[in-house]
Amino acid sequence: GWATSDNGLGAVTPHEIFHVWQKSAYKRKGNNNPDPNNFLNPPVWFDEGSAELFGYLIYKERSNFYEGVGTYRDFQPLKRYSTRNLDPVLPYLLGRVASEYIVASVGMERFLQIFFNVGEGLDFPRAFEKATGVTLDFFYEKFDRNVRKMF
């Protein structure tokens with residue numbers, strides 16, 4: 001079926017499975033998408049981007065991991081993609097790049113710790129800083145400065 005096709009949808013199944021893991025790590029009941037307009041909740045770029053990263057890591061046959069990102073030359077600062085309102089696609093694409101950037105900077109274990117920290121009751125900025133050792137604002141500034149060099 002579509003989950004094993006070669007038309008780019010093969011990463012969808014592990015992406016959606018990662019959302020199930022997220023909900024468990026966050027210890028959420030009911031809706032897995034709390035108000036994204038509340039900056040204390042995980043932003044959409046983080047939730048969707050981390051699921052995209054997982055989906056593409058599992059589905060290794062994808063030919064171009066960053067397919068699509070380079071076509072968006074005028075993307076906004078990452079922080080602006082906390083909801084889907086600005087753009088329906090870029091929270092996924094830039095979020096995937098940002099997730100890999102975090103993993104490359106601090107490792108997978110500390111990246112996953114962000115989710116567990118939220119599940120322990122920390123708001124997203126504090127969960128992020130506790131896991132990575134840098135403030136969320138510092139990360140945004142560093143990522144935004146460097147992502148343009150990548151594309």
Side-chain angles (χ1 to χ4, degrees), residues 3 10-62 64-70 72 74-151:
V12 172
T13 300
H15 171 109
E16 296 304 331
I17 290 170
F18 192 81
H19 283 314
V20 174
W21 180 88
Q22 282 175 335
K23 185 174 180 175
S24 176
Y26 286 154
K27 299 181 181 175
R28 287 185 183 151
K29 295 180 175 129
N31 188 352
N32 199 28
N33 298 305
D35 181 8
N37 295 309
N38 181 345
F39 77 96
L40 297 176
N41 290 329
V44 170
W45 72 259
F46 184 74
D47 284 347
E48 294 298 349
S50 58
E52 282 287 285
L53 174 64
F54 184 78
Y56 281 89
L57 287 175
I58 293 299
Y59 192 73
K60 295 178 184 178
E61 287 80 22
R62 287 292 292 153
N64 184 353
F65 188 77
Y66 294 111
E67 183 178 331
V69 178
Y72 291 89
D74 59 345
F75 45 79
Q76 301 291 315
L78 182 64
K79 186 176 188 174
R80 302 241 4 242
Y81 297 101
S82 60
T83 70
R84 290 177 175 85
N85 298 341
L86 187 61
D87 186 291
V89 176
L90 279 172
Y92 292 76
L93 295 173
L94 276 180
R96 184 177 73 217
V97 176
S99 295
E100 185 174 354
Y101 193 87
I102 296 166
V103 171
S105 299
V106 299
M108 183 62 82
E109 186 175 325
R110 289 172 66 190
F111 174 70
L112 296 176
Q113 189 60 49
I114 300 168
F115 297 93
F116 294 122
N117 290 348
V118 170
E120 293 301 318
L122 294 179
D123 60 53
F124 185 72
R126 289 190 304 149
F128 186 93
E129 184 173 0
K130 184 176 179 184
T132 65
V134 299
T135 66
L136 185 58
D137 286 334
F138 177 82
F139 167 74
Y140 281 138
E141 186 274 323
K142 186 176 181 183
F143 177 79
D144 289 337
R145 184 177 64 241
N146 290 309
V147 72
R148 298 205 179 274
K149 297 175 187 176
M150 295 167 53
F151 301 103

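- At least one side-chain heavy atom of Phe128 sits under 4.5 Å from a side-chain heavy atom of Val134.
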Do Glu48 and Arg96 pass the salt bridge (charged side-chain N to carboxylate O under 4.0 Å, His left out) test, and can you show the C-alpha distance, the side-chain angles, and the key distance before you say yes or no?
-> CA-CA 8 Å; Glu48 294 298 349; Arg96 184 177 73 217; over 6 Å; no

Decide side-chain contact (heavy atoms from CB on, under 4.5 Å) for Phe143 and Val97; before the verdict, give the C-alpha distance in whole Å, the side-chain angles of both, and the deciding distance to 0.1 Å.
-> CA-CA 9 Å; Phe143 177 79; Val97 176; 3.9 Å; yes

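- Between Tyr92 atom OH and Leu53 atom CG the span is 15.0 Å, to the nearest 0.5 Å.
- Here Glu141 pairs with Arg145 in a salt bridge; the nearest charged N to carboxylate O distance falls below 4.0 Å.
- Expressed to the nearest 0.5 Å, how far CG of Leu78 lies from CZ of Phe46 amounts to 11.0 Å.
- Using a 4.5 Å heavy-atom threshold, the side chains of Tyr101 and Asn146 count as touching.
- Annotation for Asp87 and Leu90: closest pair OD1-N, 2.8 Å, computed over non-hydrogen atoms.
- Rounded to the nearest 0.5 angstrom, Glu16 CD and Gln22 CD are separated by 9.5 Å.
- Between atom CZ of residue Phe116 and atom NZ of residue Lys27 there is a gap of 9.0 Å, rounded to the nearest 0.5 Å.
- How far CE of Met108 is from CD of Gln113: 13.5 Å, rounded to the nearest 0.5 Å.
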Stepwise side-chain contact (heavy atoms from CB on, under 4.5 Å) check, Leu94 with Trp45 | CA-CA 7 Å; Leu94 276 180; Trp45 72 259; 6.0 Å; no

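- Using a 4.5 Å heavy-atom threshold, the side chains of Pro42 and Tyr26 count as touching.
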Trace of the side-chain contact (heavy atoms from CB on, under 4.5 Å) decision for His15 with His19 = CA-CA 7 Å; His15 171 109; His19 283 314; 2.9 Å; yes

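- At least one side-chain heavy atom of Trp21 sits less than 4.5 Å from a side-chain heavy atom of Leu112.
- Here the CZ atom belonging to Phe124 is positioned 8.0 Å from the CG atom belonging to Asp47, to the nearest 0.5 angstrom.
- In this structure, Asp123 contributes its side chain and Leu40 its backbone to no donor-acceptor pair below 3.5 Å.
- Nearest heavy-atom pair across Pro77 and Asp144 is CB-OD2, 3.3 Å.
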Assess whether side-chain contact (heavy atoms from CB on, under 4.5 Å) is satisfied between Phe54 and Ser99, documenting all intermediate values.
-> CA-CA 10 Å; Phe54 184 78; Ser99 295; over 6 Å; no

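- The two atoms that bring Ala127 and Asn117 nearest to each other are O-ND2, 3.0 Å, heavy atoms only.
- Here Phe115 and Phe18 bring their ring centres to under 6.0 angstrom of each other.
- A donor-acceptor contact shorter than 3.5 Å links the side chain of Tyr81 to the backbone of Gln76.
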